[in-house]
There are 2 protein chains.
Amino acid sequence: MTTQPQASASNSHEGRPTLAAVAARAGVSPSTASLAFSGQGPVSDSTRERVLAAARELNYGGPDPLAQSLRRGRSGIVGALIPARIGVSFRDPVLIQTLDGLAEEISVIGAGLLLMPDLGDGVVSVTTAPVDAVVLVGCNADAIETLEVLRRRNIPIVQIEGPGDSGVHTVSVDNRGGSRLLAQHLADLGHTRVALVTLGLDRNRALAPLTAEREAGATVTTTLERIAGVREVYPNATGMIAAGSRSDAGREAGLRLLDVAADVRPTAILAQSDLLAAGVIAAAEELGLRVPEDVSVVGFDGIRVDGLDRQLTTVWQPAQGKGAAAGRAVVEMLAGETPAPVAFEVRFQPGDTTGPPPA
Amino acid sequence: MTTQPQASASNSHEGRPTLAAVAARAGVSPSTASLAFSGQGPVSDSTRERVLAAARELNYGGPDPLAQSLRRGRSGIVGALIPARIGVSFRDPVLIQTLDGLAEEISVIGAGLLLMPDLGDGVVSVTTAPVDAVVLVGCNADAIETLEVLRRRNIPIVQIEGPGDSGVHTVSVDNRGGSRLLAQHLADLGHTRVALVTLGLDRNRALAPLTAEREAGATVTTTLERIAGVREVYPNATGMIAAGSRSDAGREAGLRLLDVAADVRPTAILAQSDLLAAGVIAAAEELGLRVPEDVSVVGFDGIRVDGLDRQLTTVWQPAQGKGAAAGRAVVEMLAGETPAPVAFEVRFQPGDTTGPPPA
DNA sequence: GCACGAGGTCGAATCGATTCGATCCTCGCC
DNA sequence: GGCGAGGATCGAATCGATTCGACCTCGTGC
């Protein structure tokens with residue numbers, strides 16, 4: 001018959017006083033106590049005072065959020081489905097800015113952001129997490145299927161950058177148009193031999209040549225749209241799939257594309273992100289090639305690349321704006337409204353990393 | 001008397017079937033239906049089948065997480081208090097790795113991570129968020145006071161890097177020892193004129209000289225500890241407070257320290273993070289100074305700095321390990337145990353950015 | 001002096017599940 | 001044929017708050 005101290009702690013809410021206990025001590029009904037705390041109904045000052053005093057005496061920390069959630073039917077939490085584990089996903093500055101905008105916007109209804117990494121194995125957390133809505137941030141198309149549970153639960157879903165035909169409210173940017181602008185810019189300069197350095201096509205993250213076969217199995221629409229934009233100008237353009245979104249990955253891909261004989265070397269490289277472009281520039285310099293005299297490089301995103309002292313030719317996209325738009329959509333949907341789909345434009349941003357092809 | 005369609009949607013759980021409804025349709029009691037879903041009790045196959053069929057017919061999406069949370073007294077959510085808004089906090093790779101380790105470790109009990117940016121104005125969300133525990137990730141000391149509510153609620157709190165005397169379970173690294181190692185390394189090389197580039201001392205983020213006055217008002221213990229480690233070797237060391245944690249900030253600070261006459265210029269700079277160090281190196285190169293021939297530079301963290309092709313002399317700290325340790329502590333505390341405090345060692349990592357002072 | 005109104009308080013239902021103890025039924029064994 | 005054991009099912013309490021309608025009381029106006 002030993003006492004079991006850990007039993008008392010196993011439920012963290014062990015000896016915690018309830019609102020009812022506070023009410024009893026203050027000599028009022030639970031309903032009145034609730035009113036006194038929330039400030040919703042008419043409560044005399046003296047009563048409120050008595051209730052608050054009782055709460056203090058009992059060391060009551062305020063109404064239990066769990067109980068409130070159940071009653072209200074809202075948890076005040078929005079889930080953010082991100083494409084990979086935190087350490088990987090958050091290497092992408094665009095993703096971070098998007099989440100920043102999202103968090104900002106849902107904070108107006110007091111909601112917080114729950115990170116849900118989409119690890120391939122049938123998203124367990126989605127099924128059991130108390131979320132009021134879910135936002136897919138840069139997620140693969142296959143993620144949407146796993147969200148059927150949420151659909152059944154009638155939980156609002158918003159996707160940022162994804163297939164437009166999924167029946168899910170979508171916030172998008174003109175990836176295709178932006179890429180076309182960049183490709184056209186290079187075409188106008190006279191480039192004919194261009195190569196791509198793309199972001200991932202699917203969950204598989206490895207440096208690999210961009211083949212028709214791999215494209216066919218792609219699930220990341222952003223990557224595909226940006227490829228399509230380039231192909232409007234350079235129908236046969238191909239290149240390398242980078243192993244990630246960091247500049248290291250861009251550097252590796254750049255080395256593979258540029259470390260060849262001058263007569264087959266591309267005169268311009270279209271990297272699908274600014275970080276990748278920075279890596280490509282590093283690779284070029286490493287090989288003794290000057291940018292843009294020997295090779296032109298363009299990016300995508302319009303972020304300030306930390307440590308890059310060049311002015312990258314790129315297109316700017318409203319990363320934070322995308323997140324904010326998704327956040328507003330969530331808020332509207334939770335209010336019972338039906339938000340209009342949002343499609344952002346991009347802006348061509350000339351820099352000093354492009355020029356005419358070498359003679 | 002117009003119908004109000006939006007009223008039906010205002011509560012997202014509007015027409016959603018309950019477990020009781022499913023049970024009724026299957027012709028069993030709610031308790032049996034619950035058992036059938038959770039798989040806890042002995043239920044005959046035929047009954048389970050009938051319940052699941054009924055659920056399918058009613059389009060029932062499974063038990064409501066909110067109700068489950070209330071009953072269980074657990075939400076399955078751990079709050080991560082981060083020092084600033086997402087877009088700012090997540091520029092720090094150490095923070096990201098720490099969160100990564102934390103998320104990984106709490107996922108073993110199926111918990112998710114709720115981001116709670118600590119915006120100065122009395123953390124509202126902390127009070128009302130349904131969290132089972134809270135982890136302070138690189139937060140200011142003043143944040144702890146705002147957590148009194150959680151203390152009253154008996155909610156486990158773990159801090160990563162913070163004042164050790166706060167009565168909160170702490171996961172720490174040997175910031176002081178690591179800095180001392182670096183300083184000693186420089187002293188051994190013969191340096192006498194060294195300067196610091198520190199991380200922020202408080203919420204205020206601006207480039208400024210490190211003065212005794214500013215140090216006195218500091219709230220970020222990590223910064224103070226690293227300063228203290230250096231002072232064990234160089235008692236009068238001073239320098240600049242960087243305006244952030246990106247290499248840009250390090251570059252600015254570096255320019256201010258190095259763009260002076262050679263006879264007063266420091267021969268070595270101790271940056272408090274690898275990112276800052278990369279910026280300092282960039283500043284040196286910009287000024288035509290060679291590293292390490294003209295000036296030595298050390299960092300802190302041991303991360304792979306994206307785009308830096310040098311081998312930085314630094315100390316490595318287990319960023320992910322810190323998060324993981326905090327995660328394990330949370331798990332233990334939720335199980336009613338009392339975890340032992342964790343203090344990590346750091347590891348000196350020699351590189352090619354340090355050498356003897358110029359003659 | 002009486003009736004009406006408004007402010008303050010209370011009771012009880014409700015949110016949607018989980019779980020303990022009790023009940024019932026069936027099968028097996030003596 | 002009767003009795004005990006064990007597996008399946010059910011009832012009802014519980015988690016902790018919110019909220020609607022009812023009720024009471026006091027003040028005011030006619």
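The analysis underlying the following values was restricted to heavy atoms, covering all of them including side chains, and did not include hydrogens, waters or symmetry mates. Letters A, B, ... are given to chains in the order of the sequence lines, protein chains preceding strands, and every chain is numbered from 1. Source: prediction; values computed, not measured.
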Q.
Rounding to an integer number of Å, can you tell me how far A/Leu66 CG sits from C/dT14 P?
A. 22 Å
Q) If you fit an axis to the five pairs at each end of the helix from C/dG1-D/dC30 to C/dC30-D/dG1, how big is the angle between those two axes, to 10 degrees? A) 50°
Q: Scan side-chain atoms only and decide if B/Ser29 and B/Ser31 contain a donor-acceptor pair under the 3.5 Å cut-off.
A: yes
Q. Taking only residues two or more places apart in sequence, or in another chain, which ones meet A/Glu104 in a side-chain contact (heavy atoms from CB on, under 4.5 Å)?
A. B/Arg85
Q) Looking only at atom types and distance, does a side-chain atom of A/Ser69 sit under 3.5 Å from a main-chain N or O of A/Pro65, one as donor and one as acceptor? A) yes
Q.
Regarding B/Pro63, tell me which of base, sugar-phosphate or nothing describes its non-hydrogen contacts under 4.0 Å with the strands shown.
A. sugar-phosphate
Q. In whole angstrom, what separates A/Leu35's CG from D/dG21's P?
A. 14 Å
(Q) Can you confirm whether the side chains of B/Thr219 and B/Asp202 place a donor and an acceptor under 3.5 Å from each other? (A) no
Q) Between atom CZ in B/Arg48 and atom C1' in D/dA8, what is the gap in whole Å? A) 12 Å
Q: Answer with base, sugar-phosphate or nothing: what part of the nucleic acid does B/Ser34 contact at a heavy-atom distance below 4.0 Å?
A: base
Q: Specify the separation, in whole Å, of atom CZ of B/Arg72 and atom C1' of C/dG16.
A: 12 Å
Q | Salt-bridge criterion met for B/Arg153 and A/Asp64 (N-O under 4.0 Å) | A | no
Q) Any luck finding a side-chain donor-acceptor pair between B/Glu161 and B/Ser172 under 3.5 Å? A) no
Q: Report the residue (A/Pro30 or A/Thr47) whose heavy-atom-nearest nucleotide on DNA chain C is the more 5′ of the two.
A: A/Thr47
**Q.** Interatomic distance where CZ belongs to A/Arg153 and P belongs to C/dG16 [whole Å]
**A.** 12 Å
Q: Grab the CD-C1' distance between A/Gln40 and C/dT9 for me, whole Å please.
A: 16 Å
Q. Considering only heavy atoms and no angle criterion, is a donor-acceptor pair shorter than 3.5 Å present between the side chain of A/Ser31 and the base of C/dG11?
A. yes
Q. What nucleic acid atoms does A/Tyr60 come within less than 4.0 Å of, heavy atoms only: base, sugar-phosphate, or nothing?
A. sugar-phosphate
